[in-house]
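One structure is given below, encoded as structure tokens.
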Amino acid sequence: MKIIELPIEFEFNGQKNCIYPSLFISNNDELTLVDTGYANFLPLIENEIIKNGYEMKQLKNVIVTHYDDDHIGSLYDFKVKYPQINIIASEIESTYISGEIKSERLVQAEDMLENFPKKDLEFGIWFVQQLRKLKHVAVDEKVNDGDIILDSKCKIIATPGHTSGHITLYFPSLKSVITGDAAVKNYDDLIIANPHFCLDIKQAEQSLNKIKNLKVKYIYCYHGGKLTL
């Protein structure tokens with residue numbers, strides 16, 4: 001039983017970037033992927049999983065920490081190619097992922113577009129278009145704060161702020177936590193993700209402190225990678 005990070009390198013606006021989806025491997029070698037990258041990232045994530053010595057037929061679950069285009073962009077593609085997977089998300093985020101409710105991120109982006117500086121307007125329009133193009137997927141398992149999943153190995157921790165239903169995954173026996181965007185690695189410290197996109201800064205700061213107070217040794221951040229304490 002272990003967690004590994006899957007570094008996915010890509011270019012955006014001519015700059016090199018990297019995100020770090022996490023992969024939990026259970027005692028019976030079943031795989032749980034946490035977050036799926038941008039649209040069309042399925043082959044990149046597949047390659048990383050295979051590179052680490054696993055087969056895609058071992059993939060049992062995909063957990064979504066929250067609704068953002070860099071976290072759910074390839075979720076639909078995963079479900080189409082691997083229909084056996086069990087998609088897990090919080091009760092709140094599942095309503096956006098499934099399309100029951102217009103996502104709060106899209107509402108925010110559309111509102112921000114009205115006041116975007118002229119120099120950033122092109123990015124704002126692109127961002128709204130990316131969110132509108134996301135394909136909806138039904139969530140198989142809806143979770144809430146304190147729920148225990150993955151054969152009792154993982155505890156769900158509600159970490160709202162970046163989005164309302166953001167969740168963090170705590171693995172006590174591994175002394176590990178997977179943070180999504182509730183915490184970002186910044187050198188040897190943790191900070192909140194881009195404050196301009198936080199839906200509630202105060203909640204985001206409280207959630208970050210909640211993560212910092214966990215008794216863990218390894219913190220897996222989607223942005224910045226693994227932090228060892």
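Hydrogens, waters and symmetry mates play no part in the numbers below; they use all other heavy atoms, side chains included. The residues of the chain are indexed from 1 along the displayed sequence.
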Which heavy atom of [X] sits nearest a heavy atom of [Y], and at what distance?
X: L134; Y: G73; value: CD2-CA, 3.8 Å
X: L150; Y: C154; value: CD1-CB, 3.9 Å
X: C198; Y: I192; value: SG-CD1, 4.3 Å
X: E55; Y: L31; value: O-CD1, 3.8 Å

Would you call [X] and [Y] a side-chain contact if the rule is heavy atoms closer than 4.5 Å?
X: K185; Y: I219; answer: no
X: F127; Y: L113; answer: no
X: I178; Y: T168; answer: no
X: K57; Y: Y82; answer: no
X: T65; Y: T159; answer: no
X: L199; Y: R105; answer: yes
X: I88; Y: V64; answer: no
X: D145; Y: I167; answer: no

| request: Could you label the plane-to-plane angle of the H162 and H166 rings as parallel, tilted or perpendicular, counting under 30° as parallel and over 60° as perpendicular? | output: perpendicular

| query | Which residues pass the side chain to side chain donor-acceptor pair (under 3.5 Å) test with Q203, sequence neighbours left out? | reply | none

| For D188, side chain to side chain donor-acceptor pair (under 3.5 Å) partners two or more places apart | none

Which value, rounded to the nearest 0.5 Å, describes the distance between [X] atom [atom1] and [Y] atom [atom2]?
X: S74; Y: L33; atom1: OG; atom2: CG; result: 10.0 Å
X: I50; Y: I45; atom1: CD1; atom2: CD1; result: 12.0 Å
X: Y67; Y: I97; atom1: OH; atom2: CD1; result: 8.5 Å

With no hydrogens and no angle check, is any side-chain donor or acceptor of [X] less than 3.5 Å from a backbone partner on [Y]?
X: N86; Y: N61; answer: no
X: K226; Y: Y218; answer: no
X: Y222; Y: G37; answer: yes
X: S207; Y: P160; answer: yes
X: T36; Y: H71; answer: yes
X: S90; Y: G165; answer: yes
X: K210; Y: A158; answer: yes
X: E104; Y: S164; answer: yes
X: T179; Y: A182; answer: no
X: K79; Y: I85; answer: yes

Same cluster or not: [X] versus [Y], using hydrophobic residues (I, L, V, M, F, W, Y) connected whenever any side-chain heavy atoms lie under 4.5 Å apart?
X: W126; Y: V107; value: no
X: I25; Y: L169; value: no
X: Y38; Y: Y76; value: yes
X: M112; Y: I201; value: no
X: I49; Y: F10; value: yes

Just wondering, more than 12 heavy atoms not from [X] lying within 6.0 Å of its [atom1]?
X: E9; atom1: CD; answer: no
X: N17; atom1: CG; answer: yes
X: K212; atom1: NZ; answer: yes
X: E11; atom1: CD; answer: yes
X: F197; atom1: CZ; answer: yes

| Residues which pass salt bridge (charged side-chain N to carboxylate O under 4.0 Å, His left out) with K60, listed by chain and number, not counting sequence neighbours | E30

| Strictly by modelled atom types, are H223 and D70 linked by a side-chain donor-acceptor pair under 3.5 Å? | yes

| task | State whether a side-chain donor-acceptor pair under 3.5 Å links H66 with D68. | result | yes

| request: Verify side-chain hydrogen bond (donor to acceptor under 3.5 Å, both in side chains) between Q129 and R132, making sure each step is shown before the conclusion. | output: CA-CA 5 Å; Q129 289 174 340; R132 286 176 177 167; over 6 Å; no

| said: I'd like to know whether the aromatic ring centres of Y220 and F171 sit less than 6.0 Å apart in this structure. | reply: no

| said: The test is side-chain hydrogen bond (donor to acceptor under 3.5 Å, both in side chains); show your working for Q58 and D29 and say whether it passes. | reply: CA-CA 7 Å; Q58 296 171 260; D29 283 341; 4.7 Å; no

| Less than 4.0 Å between a side-chain N and a carboxylate O, is that true for K142 and D147? | no

| query | Salt-bridged, K202 to E205, with N to O below 4.0 Å? | reply | no

